[in-house]
Amino acid sequence: MAVPWIQIVQLVPSILDVSREFLKRTKQMPPPEAVPLSQDSGELVERILRLEENERRQAELVSEMAQQLANLTRALTALHRQSLWLGGTAVVAIVVAVIAIGMAAGR
C-alpha cells in the first residue's frame, strides 16, 4: 500500500483554514461577564441555538480531525511495514553478496 503523501499534503491547508476560522470566532465572542443578565427569553433562546450550532461545528471538526489522524496512522503503519520488509530484504541481499564474494574468492 503506497503512502498517499499528495492527499496528506492536500489536507493540511484545510485543517489550517478551519482552525484559524475557529480561533477567529472564539476571539470575537464577548467574555461571559460582558453579557448582560437582563435578557428576554427570545435572546436567550437565540444564544442557546448559536451555542448548539457552534458545538455541532466543533464536533464535526473533531470528527474530521480524527478521521485524518486515522488515515495518517494507517499510512504510517503501512510505511513501517514496508520499511521492515525492505530491511529484511537488504539483510538477505547482503548475506547472498557475502556468500557470492566468498565463493568467487575461493576459486
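Heads up: numbering here begins at 1 and tracks the sequence. It should be emphasised that the depicted structure is a prediction, and the values quoted were computed from it without experimental measurement.
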Legend entry - Spacing of Ile48 atom CD1 and Glu53 atom CD [to the nearest 0.5 Å]: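 That separation rounds to 14.5 Å.
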Legend entry - CG-CG distance between Leu49 and Leu44, expressed to the nearest 0.5 angstrom: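 Going from CG on Leu49 over to CG on Leu44, the span is 11.0 Å.
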Legend entry - Same apolar cluster: Met103 and Val95, side chain cutoff 4.5 Å: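 Yes; Val95 is reachable from Met103 via cluster members.
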Any side-chain heavy atom of [X] within less than 4.5 Å of one from [Y]?
| X | Y | result |
| --- | --- | --- |
| Glu55 | Leu51 | no |
| Arg50 | Glu46 | yes |
| Leu84 | His80 | yes |

Legend entry - Arg56 with Glu52: basic N within carboxylate O range, under 4.0 Å: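 Salt bridge flag = no for Glu52 with Arg56.
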